[in-house]
Amino acid sequence: MLGLMQSQPLLISSLLEFAERHHGDGEIVSRRVEGDIHRYTYKDVAARARRVANALDDLKLAFSDRVATLAWNGYRHLELYFGVSGSGRVLHTINPRLHPEQIAWIANHAEDQVLCFDMTFLSLIQAVHAKCATVKHWIALCDADKLPADSGIPNLTSYEAWIGAQSSDYAWPEFDENSASSMCYTSGTTGNPKAALYSHRSTTLHAYAAALPDVMCLSARDSVLPVVPMFHVNAWGLPYSAALTGCKLVFPGPALDGKSVYDLIEAEQVTFAAGVPTVWQMLLTHMKPAGLKFSRLNRTVIGGSACPPAMITAFQEDYGVEVLHAWGMTEMSPLGTLCTLKNKHLALPKDEQMKIRLKQGRAIYGVDMKIVGEDGQELPRDGKTYGDLLVRGPWIVREYFKGEGGDPLVKDANGHGWFPTGDVATIDADGYMQITDRSKDVIKSGGEWISSIDIENIAVAHPAVAMAACIGVKHPKWDERPIIAVVKRPGAEVTREELLKFYEGKTAKWQIPDDVVFVDAIPLGATGKILKTRLREQLKDYKLPQL
Ligand code: ADP
């Protein structure tokens, strides 16, 4: 017997319709590429998203055709999020930090028909447009009078002229909630990038889940700053969850330096911000010497790579901001776990609470996870045993776009498919998961594993260290030994011996790195994560001092 409830597809357009109707005057503030601040409301987004939908109809774009963006976090990008997906097309957000060759490669692979770009990326588009064979329409996200006269880009139109010619009346179509809504390519550190193709259903369910109290706890009382880019995994789903909850949205545009982010947080009375550790590091570096404080910011989600304990402490002790450690990946829309305490933890001393906060957190309903050994058997949830982390759920990929890379899922005895995350982790009896490492970054020394994350966390707790990356180097006896590459803070000094001494008592002796290599910079990938592959290449002629 079937239930007798109404069946209504979960569509992205319904989020926007809800926002317009129920919190239409909710504010959306953007720092524009032009540098000024732009303000309007959910009502305005809804009207302009409908113009986008009409404009796409005018271009005769078919259902599921791809519309690409190369843009910062801002209101026009938000309109495209809803206008493109809402009208049944697929929004392809491209990461502008990728190599131009890679940008052209993925635009071709996705078969993008339209590409909308911020003026910051004009020269990038001028360099790659001839290689993007499928793109027929180029839209510059600017006013008509800002369009360059002779850009060399065929059929270049300004966004404002493009949508300005359209009506703001549009009836959002109803279709299967499993239809594709947006796509995002993984950074492709090995081989060509592969795309996760999200659906309306997966996106809407993820938006619900992200707003839950033990996840991001979003509400109509919040002022939310997504520093995480809308060009990578939909800014962790925040644009959708914002429409669902009616929080104020504050977009930083291209200005991600510490001062600009701080000024925006204060001016817009931001209560909640989300970003990767590298961005927060810039913010803290700006605030500390000037003795600045936050007036309303009370919590921040930090994820994308492991959040160093020093950062959690600084936010909490110096600024009264609760850090919520989060873990996820492109293939997971991206949220998998968030770290919030349970009732029974509230009476624990601070250092005990800190041990929990450092973990990547508990699974969100909708994400099932387990760790397995080499034989594929599930390992105990004891907080000590580590294994390969597998996940399944309605917002996790089943396969990549165009079947790239074959069937990625691992089947269990019941025939259920699990996605292998490539992370090595522990899960404890309370359900808290902790990443030990990415499987390819774990250092194997004398048959034992060393977590490069643990080694890096200790180094960045040293006051003279700005950034650190740990890699394994070949060793005749131990197979691999860890070394730590370190970037010093400007004006700060620390010697190799001092830093190695700093490790004493903080980790097992045999896990202390064999050497410290001081470098000017550590290579970062397109999503701000340390590129260990490139670092290994840079240090390929390095020899351990003892050998
Ligand atoms: P990529 O395109 O590089 O895969 P993702 O954003 O999908 O970019 O990266 C996902 C990976 O990032 C995870 O598998 C994990 O290794 C790492 N990661 C994400 N969040 C955390 C975290 N809080 N702690 C440690 N590692 C993390």
Side-chain angles (χ1 to χ4, degrees), residues 93-95 97-99 102 106 183-196 198 206 215-216 228-237 274-280 300-309 311-312 323-340 356-364 367 369 371 386 388-391 395-397 400-401 404-405 408 419-427 432-442 451-457 460 469-470 523-534:
T93 51
I94 304 182
N95 187 336
R97 299 201 182 102
L98 292 173
H99 189 274
Q102 237 176 359
I106 64 174
M183 66 197 301
C184 182
Y185 281 74
T186 61
S187 46
T189 38
T190 50
N192 278 329
K194 297 191 283 284
Y198 311 116
H206 183 271
V215 187
M216 300 214 214
V228 291
M230 290 166 82
F231 57 70
H232 191 64
V233 218
N234 300 330
W236 298 351
V276 295
T278 33
V279 167
W280 296 137
T300 169
V301 168
I302 303 187
S305 41
C307 181
M311 186 174 284
I312 300 185
V323 169
L324 306 170
H325 200 185
W327 167 84
M329 58 197 310
T330 308
E331 289 87 340
M332 299 175 69
S333 302
L335 294 177
T337 64
L338 237 103
C339 196
T340 51
I356 302 169
R357 287 187 183 284
L358 274 177
K359 300 191 175 201
Q360 274 70 15
R362 293 180 282 134
I364 304 163
V367 174
M369 62 184 185
I371 47 169
Y386 46 79
D388 291 318
L389 181 64
L390 307 184
V391 288
W395 58 78
I396 295 166
V397 292
Y400 290 100
F401 182 53
E404 220 56 58
F419 180 78
T421 62
D423 287 323
V424 175
T426 59
I427 303 177
Y432 288 86
M433 183 275 286
Q434 184 158 28
I435 302 272
T436 312
D437 227 328
R438 274 200 143 174
S439 52
K440 54 184 186 292
D441 294 337
V442 182
S451 152
S452 66
I453 295 176
D454 288 349
I455 304 304
E456 287 156 10
N457 279 346
V460 294
C470 174
L524 297 180
T527 53
K529 293 182 208 195
I530 294 173
L531 263 190
K532 297 231 171 140
T533 39
R534 182 125 3 120

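Sequence positions, counted from 1, serve as the residue numbers for this chain. Both ligands and their constituent atoms are indexed starting at 1 by order of listing.
Judged purely by atom type and a 3.5 angstrom limit, Asp423 has no side-chain atom pairing as donor or acceptor with the backbone of Ile435. A distance-only check finds a donor-acceptor pair linking the side chain of Ser439 to the backbone of Gly422 [under 3.5 Å]. Judged purely by atom type and a 3.5 angstrom limit, Lys194 has no side-chain atom pairing as donor or acceptor with the backbone of Thr186. Formation of a donor-acceptor pair under 3.5 Å by the His206 side chain with backbone atoms of Leu335 is found in this model.
Looking at Gly304 next to ligand 1, an N or O pair under 3.5 Å apart turns up.
Considering all non-hydrogen atoms of both residues, Val215 and Leu338 come closest at O-CD2, 3.0 Å. Pro277 and Ala306 get closest at one heavy-atom pair: CG-O, 3.8 Å. Nearest heavy-atom pair, Val367 versus Ile396, reported as atom, atom and distance to 0.1 Å: CG1-CD1, 4.3 Å.
The heavy atom nearest to atom 11 (C) of ligand 1, considering only Arg438, Lys194, Met329, is found in Arg438. Counting only non-hydrogen atoms, the option in Pro277, Gly336, Ser439, Ala326 that gets closest to atom 23 (N) of ligand 1 is Ala326. Among Ala196, Gly361, Cys184, Ala306, the residue whose heavy atom lies closest to atom 25 (C) of ligand 1 is Ala306.
Taking a cut-off of under 4.0 Å to the non-hydrogen atoms of Thr330, the atoms of ligand 1 that pass are 2 (O), 5 (P), 6 (O), 7 (O), 8 (O). Here is the list of ligand 1 atoms found below 4.0 Å of a heavy atom in Thr186: 2 (O). Every atom of ligand 1 is numbered from 1 in the order shown, and the set under 4.0 Å from a heavy atom of Gln360 is 22 (C), 23 (N), 24 (N), 25 (C). Of all atoms in ligand 1, numbered sequentially from 1 with element shown, those under 4.0 Å from a heavy atom of Trp327 are 13 (C), 15 (C), 18 (N), 19 (C), 20 (N), 21 (C), 27 (C).
Neither side chain, Tyr386 nor Gln434, offers a donor N or O lying under 3.5 Å from an acceptor on the other.
Taking a 4.0 Å cut-off on heavy atoms, Gly525 fails to register as neighbouring ligand 1. Using a 4.0 Å heavy-atom cutoff, His232 is listed among the residues neighbouring ligand 1. Residue Gly422 places every heavy atom at 4.0 Å or more from ligand 1.
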